[in-house]
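Worksheet: one structure, shown below.
Any value given below was found using the heavy atoms of this structure, including those in side chains, with hydrogens, waters and symmetry copies removed.
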Amino acid sequence: MVQDIQSRVQSLDWEAIQQELDDQGFAKLGPILTKAECESIMELYNDEQSYRTTINMARYRFGSGEYKYFSYPLPDLIQGLRESFYPELAKTANRWLGYLRKTEQYPKSHADFLKICEEKEQIRPTPLILKYEKGGYNCLHQDLYGDVFFPFQVVIILNQREQDYTGGEFLLVEQIPRAQSRGHVLTVEQGGAIIFPTNYRPSQGKKGYYKNTLRHGVSTITSGERYGLGIIFHDAK
């Protein structure tokens, strides 16, 4: 299964994806996971042994819903996604640093990047599954977790919009210096993915590149239940 996931991710049109990330800061992908694979991940939701912690969003005023962080060792499919997406996104991350006249920071392999996290005492896994019921939502936020963070993350929608739930659009808000913020409302099919910045993206201006800060969230679920899988590449302190 892991090898199959790696092949799927590697066979994506990365040249086009890289261009999208440069042009708009995010990229939408068609189905990465099959319906059966999505269902297998959703079935894990009630297997408490798979998780290190559960977060009730309302308790922390993060929104309304629940998410669970997987524990190590990660399920094979999720480990495969994390390892497969990282190398191409590391290329973009280092290119973005170049735009901002900074040196490259991200190694080619995810295992080597996790060693950098470990040096900063960030050793807790961060991939997570999210569940929202009717009325649920996620406030705008960033997933940083420590001094070391990877500039991209990936969210995969596990069930079908307009069939299993309504509402629940993915929200991405871009804060532009000395200007009004810009909002993006994104949807994908079951098994589809969105790649987006964890913290900021470089944007070209008249005097070179500058940083646009981004935050993400989920709009209110108006019916049904919505499940999502978050692939975060850095570990937490």
Assess whether side-chain hydrogen bond (donor to acceptor under 3.5 Å, both in side chains) is satisfied between Asn138 and Tyr132, documenting all intermediate values. CA-CA 9 Å; Asn138 197 346; Tyr132 305 90; 3.0 Å; yes

Mark yes when over 12 heavy atoms from residues, nucleotides or ligands other than [X] sit less than 6.0 Å from its [atom1]; otherwise mark no.
X      : atom1 : result
Ile123 : CD1   : no
Glu118 : CD    : no
Glu162 : CD    : yes
Glu48  : CD    : yes
Arg182 : CZ    : no
Glu121 : CD    : no

Polar side-chain atom of [X] near backbone of [Y] as donor-acceptor pair, under 3.5 Å:
X      : Y      : value
Lys28  : Thr187 : yes
Asn159 : Glu225 : yes
Asp112 : Pro107 : no
Ser11  : Arg8   : yes
Arg226 : Tyr165 : no
Thr53  : Tyr69  : no

Is any side-chain heavy atom of [X] closer than 4.5 Å to a side-chain heavy atom of [Y]?
X      : Y      : answer
Phe196 : Val155 : yes
His141 : Arg215 : no
Leu12  : Glu88  : no
Lys91  : Gln18  : yes
Trp14  : Val9   : yes
Ser109 : Phe113 : no
Ile129 : Tyr45  : yes
Cys117 : Phe149 : no

Would you compute the distance between atom [atom1] of [X] and atom [atom2] of [Y] and round it to the nearest 0.5 angstrom?
X      : Y      : atom1 : atom2 : value
Asn94  : Gln105 : CG    : CD    : 8.0 Å
Leu229 : Ile32  : CG    : CD1   : 12.0 Å
Gln190 : Cys38  : CD    : SG    : 4.5 Å
Asp22  : Gln204 : CG    : CD    : 10.0 Å
Glu133 : Ser64  : CD    : OG    : 8.5 Å

Could you go through Ser181 and Gln175, starting from their C-alpha distance and side-chain angles, then the distance that decides it, and tell me whether this counts as side-chain hydrogen bond (donor to acceptor under 3.5 Å, both in side chains)? CA-CA 4 Å; Ser181 296; Gln175 183 179 340; 5.4 Å; no

Would you say [Y] ends up clustered with [X] if hydrophobic residues are merged whenever their side chains have heavy atoms under 4.5 Å apart, either directly or through other cluster members?
X      : Y      : result
Val154 : Val188 : no
Leu89  : Ile116 : yes
Ile232 : Leu114 : no
Leu97  : Tyr210 : no
Leu186 : Ile231 : no

side-chain hydrogen bond (donor to acceptor under 3.5 Å, both in side chains) filter on Arg201, not counting sequence neighbours, yields Glu174

Starting from the C-alpha separation in whole Å, work towards a yes-or-no answer on side-chain hydrogen bond (donor to acceptor under 3.5 Å, both in side chains) for Gln160 and Asp164. CA-CA 5 Å; Gln160 187 62 53; Asp164 300 314; over 6 Å; no

Taking the inter-plane angle between the rings of [X] and [Y] on a 0 to 90° scale, is it parallel (under 30°), tilted (30 to 60°) or perpendicular (over 60°)?
X      : Y      : result
Phe70  : Tyr51  : tilted
Tyr106 : Phe150 : perpendicular
Phe170 : His216 : parallel
Tyr86  : Phe233 : tilted

Set of side chain to side chain contact (heavy atoms under 4.5 Å, CB included) partners for Gln24, sequence neighbours left out: Glu20, Phe26

What's the shortest heavy-atom distance between Asp143 and His234, and which atoms? O-NE2, 3.0 Å

salt_bridge(Arg82, Asp76) N-O dist < 4.0 Å: no

Face-on cation placement of Lys131 at Tyr67 ring, 6.0 Å and 45° thresholds: no

Can you see whether Tyr200 has Lys211 sitting over its ring - NZ or CZ less than 6.0 Å from the centre and within 45° of the normal? yes

In a table with atom names and distances, give each donor-acceptor pair under 3.5 Å that connects a side chain of residues 55-62 to protein atoms at least two apart or in another chain.
| residue | atom | partner | partner atom | Å |
| --- | --- | --- | --- | --- |
| Asn56 | OD1 | Ala58 | N | 3.0 |
| Asn56 | OD1 | Arg59 | N | 3.1 |

Would you check, one step at a time, whether the test side-chain hydrogen bond (donor to acceptor under 3.5 Å, both in side chains) holds for Asp4 with Ser7? CA-CA 5 Å; Asp4 185 37; Ser7 298; 5.4 Å; no

